[in-house]
> 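Quick one: the structure is below, questions incoming.
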Amino acid sequence: MNISARVADTRVADVRCDADTLSVDLMDGRTISVPLAWYPRLLAATPEHRAHWERAGAGYGIYWPEIDEDLSTDGLLRGAPAPDAVVPQIGVH
């Protein structure tokens with residue numbers, strides 16, 4: 001049996017936001033989607049500011065210059081919200 005391992009390429013291919021979600025397409029074909037509420041600066045930004053992003057960190061990061069927000073694909077893959085984000089706890093009363 002011949003099994004070939006595909007090497008993950010977690011560099012940013014594309015980024016988009018809607019009213020509730022940040023979606024990041026990776027070079028290896030995966031898409032990461034996270035709640036926009038995890039990133040308060042992005043949530044508060046205008047759609048125009050959210051749409052103006054740049055690749056950073058050799059392609060492993062995203063930078064929004066108008067709102068001075070940086071995210072990494074590593075953090076997104078780990079499910080790491082911003083430290084100041086209000087993240088609801090499921091099942092906690």
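All residue numbers in this chain count up from 1 along the given sequence.
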> Any idea which heavy atoms bring Ala37 and Leu43 closest together, and the distance?
CA-CD2, 4.0 Å
> As an exercise, state the distance from OG of Ser72 to CZ of Arg78, rounded to the nearest 0.5 Å.
6.0 Å
> Does Leu71 form a side chain to side chain contact (heavy atoms under 4.5 Å, CB included) with Val24? I'd like the steps, not just the answer.
CA-CA 11 Å; Leu71 299 178; Val24 179; over 6 Å; no
> Can you tell me how far apart CG (Asp14) and OG (Ser23) are? Round to the nearest 0.5 Å.
9.5 Å
> Can you name the closest pair of heavy atoms from Arg41 and Ile67 and give their distance?
CD-O, 3.5 Å
> Check whether Arg55 reaches the backbone of Ala13 with its side chain - one donor and one acceptor, N or O, closer than 3.5 Å.
yes
> To the nearest 0.5 Å, how far apart are OG1 in Thr10 and CG in Asp28?
7.0 Å
> Applying side chain to side chain contact (heavy atoms under 4.5 Å, CB included) to Arg30 and Leu77, what does each step give before you reach the verdict?
CA-CA 11 Å; Arg30 291 180 288 169; Leu77 286 165; 4.1 Å; yes
> Looking at every non-hydrogen atom in both residues, tell me the closest pair between Leu42 and Glu69 and how far apart they are.
CG-CG, 4.2 Å
> How long is the straight-line distance from CD of Glu54 back to CG of Asp70, given to the nearest 0.5 Å?
10.0 Å
> Hydrophobic cluster membership, with links at side-chain heavy-atom distances under 4.5 Å among I/L/V/M/F/W/Y: are Tyr39 and Tyr63 in one?
no
> Do Val12 and Ile32 land in one hydrophobic cluster if side-chain heavy atoms of ILVMFWY residues count as linked below 4.5 Å?
yes
> Do Leu36 and Arg50 come close enough that some side-chain heavy atom pair is under 4.5 Å?
yes
> Do Ile62 and Tyr60 sit in the same hydrophobic cluster, where Ile, Leu, Val, Met, Phe, Trp and Tyr count as joined when their side-chain heavy atoms come under 4.5 Å apart?
no
